[in-house]
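Worksheet for the structure shown next.
The chains referred to below are lettered A, B, ... by the order of the sequence lines, with proteins before strands, and numbering in each begins at 1. What you see below is based on every heavy atom in this structure, not just the backbone, and it leaves out hydrogens, waters and symmetry mates.
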Number of protein chains: 2
Amino acid sequence: MSDGQLKDALDALKSTGVRITPQRHAILEYMIHSTMHPTADDIYRALEKTFPNMSVATVYNNLRVFRKAGLVKELTYGDSSSRFDFVTNDHYHMICNDCGKIVDFHYPGLDEVEHLASHVTGFQVDYHRLEIYGTCQECSEKTAKAQ
Amino acid sequence: MSDGQLKDALDALKSTGVRITPQRHAILEYMIHSTMHPTADDIYRALEKTFPNMSVATVYNNLRVFRKAGLVKELTYGDSSSRFDFVTNDHYHMICNDCGKIVDFHYPGLDEVEHLASHVTGFQVDYHRLEIYGTCQECSEKTAKAQ
DNA sequence: TCTTATATTATAATCGTTATAATTAGTGTA
DNA sequence: TACACTAATTATAACGATTATAATATAAGA
């Protein structure tokens, strides 16, 4: 089914007039098969064996192309590089404001929110991003002890 | 009621051993009264009449202090500075992947998600961030015309 | 195959954010 | 109120992620 995802993604790009280059093919393939949310540099380093001459700029440029096409979502954090996810509706993130830890969290059914939002604003919705911020258990306990 | 918010915020800080400085007071006050989500530099420039010697680092440091205290949320985007919001549960954002436009969108009741998340992960939840990405009406029409 | 616009490469530049060290100033206590 | 101690601020330098630029290479339709 990953192959189907790749083919669908390539078709979607092609249909909007975006050229399919070996680099784009490889980046998309990597995104689909990667389990953890890679940074642009992660992708660059993973592909430099296959494309020794590829530039980091190419990775950034294409991630932006994919994002505009609604194929990839960008997760930005204040203190480090952006991370990129191939768009599938699966899980959300909980983030500790103290230590920065990221914990996955499953929750179904924000589709209703997407639909309402689309209806009200006229947006053609591609995906959403939900993050819940707070203090993780370890940091809570550390603070409690310190006082 | 803004005054109450400020007082509550200052009390919350004090109770965790954070010192109240004139700069912190002013930054918080500015955050509470500002209608549009300011960047660190916006805050810096707004306060430099009152604090001609204040450093940008002070703004960044204190925004992080406030964020850790759950008073302020940081909205990060790939292509520009972070924006900061005083935490109140009101609206979400829709973001155009093409032109970057940000449109406010109202939706009540993600409290349930927060509660479940807290229960499952042990986090003490402060706030959440929800953003919906897609293509705005203008950009959709532009693309349709171009083809 | 040829043509042309688009993509890639290599590199330099930008700019938001953080680190550092010295100085200043809150806040609890006497 | 004055003191002492620790935390906060300032000024500046450094870092690093991302983008801009110009030259070269290449995808894809004719």
Side-chain angles (χ1 to χ4, degrees), chain A residues 10-11 13-28 30 37-45 47-69 72 74-84 97-100 143 146-147, chain B residues 10-28 30 37-45 47-69 71-72 74-84 97 100 143 146-147:
Chain A
L10 293 172
D11 287 349
L13 286 175
K14 225 173 207 166
S15 75
T16 59
V18 173
R19 290 185 183 168
I20 308 305
T21 65
Q23 293 88 339
R24 284 181 176 160
H25 191 285
I27 294 172
L28 267 181
Y30 179 82
H37 329 297
T39 64
D41 197 63
D42 289 338
I43 300 168
Y44 173 67
R45 287 209 305 271
L47 298 183
E48 70 183 349
K49 298 144 206 158
T50 327
F51 298 91
N53 295 320
M54 187 170 64
S55 171
V56 201
T58 298
V59 178
Y60 277 103
N61 288 340
N62 287 326
L63 286 172
R64 190 194 293 152
V65 169
F66 300 157
R67 199 196 58 199
K68 286 195 178 188
V72 157
E74 180 175 2
L75 302 175
T76 55
Y77 303 102
D79 54 346
S80 55
S81 308
S82 288
R83 298 183 166 275
F84 296 86
N97 270 324
D98 206 340
C99 66
T143 308
Q147 284 186 339
Chain B
L10 292 173
D11 288 349
L13 286 175
K14 224 172 206 166
S15 73
T16 59
V18 173
R19 290 183 183 170
I20 307 304
T21 66
Q23 293 88 338
R24 284 181 176 161
H25 191 285
I27 294 172
L28 266 181
Y30 179 82
H37 329 297
T39 64
D41 197 62
D42 290 337
I43 300 169
Y44 173 69
R45 287 208 305 272
L47 298 182
E48 70 183 348
K49 299 143 205 159
T50 328
F51 298 91
N53 294 322
M54 188 170 63
S55 171
V56 200
T58 299
V59 178
Y60 276 103
N61 289 338
N62 287 326
L63 286 172
R64 190 195 292 153
V65 169
F66 300 157
R67 198 195 59 199
K68 286 194 178 187
L71 293 171
V72 158
E74 182 176 1
L75 302 175
T76 55
Y77 302 102
D79 54 344
S80 54
S81 308
S82 289
R83 297 182 167 276
F84 296 86
N97 270 324
T143 308
Q147 285 186 339

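- The distance from the OG atom of S81(A) to the CG atom of L75(A) is 12.5 Å, given to the nearest 0.5 Å.
- Between the CG atom of L75(B) and the C1' atom of dG16(C) there is a distance of 16 Å, given to the nearest Å.
- Residue whose closest nucleotide on DNA chain C sits further toward the 5' end, between N53(A) and V65(A): V65(A).
- Y60(A) has its OH atom 15 Å from the P atom of dT9(C), to the nearest Å.
- Distance from the side chain of T58(B) is smallest for dT10(D) among the nucleotides dT10(D), dT27(C), dT18(C).
- Once rounded to the nearest 0.5 Å, the distance linking OG1 of T39(B) with OH of Y44(B) reads 12.5 Å.
- Residue S82(A) is in sugar-phosphate contact alone, with no base atom involved, counting any heavy-atom pair closer than 4.0 Å across all strands shown.
- When rounded to the nearest whole Å, the span between CZ of F51(B) and C1' of dT9(D) equals 12 Å.
- Look at CZ on R24(A): it is 11 Å from P on dA27(D), rounded to the nearest Å.
- In this structure, NE2 of H25(B) is placed 14 Å from P of dT9(D), rounded to the nearest angstrom.
- For the atom pair CZ (R24(A)) and CZ (F66(A)), the distance works out to 6.5 Å, reported to the nearest 0.5 Å.
- Between the side chain of T21(B) and the base of dA8(D) there is no donor-acceptor pair of N/O atoms closer than 3.5 Å.
- Distance alone, capped at 3.5 Å, is enough to place a donor-acceptor pair between the T76(A) side chain and the T76(B) backbone.
- Rounded to an integer number of Å, the gap from CD1 of I20(A) to C1' of dA7(C) is 12 Å.
- Following rounding to the nearest Å, L63(A) (CG) and dA7(C) (P) show an atom-to-atom distance of 15 Å.
- The CG-C1' distance, from N61(A) to dA22(D), rounds to 14 Å in whole Å.
- Between F84(A) and Q23(B), the one whose closest nucleotide on DNA chain D sits nearer the 5' end is Q23(B).
- Contact of R19(A) with dT6(C) (side chain to base): a donor-acceptor pair of N or O atoms is detected under 3.5 Å.
- Note on D41(B): nothing from the nucleic acid sits closer than 4.0 angstrom, heavy atoms only.
- In plain terms, the two heavy atoms of H37(A) and R83(A) that are nearest each other are O-NH1, 2.6 Å.
- If you check every strand for non-hydrogen atoms under 4.0 Å, P52(B) touches nothing.
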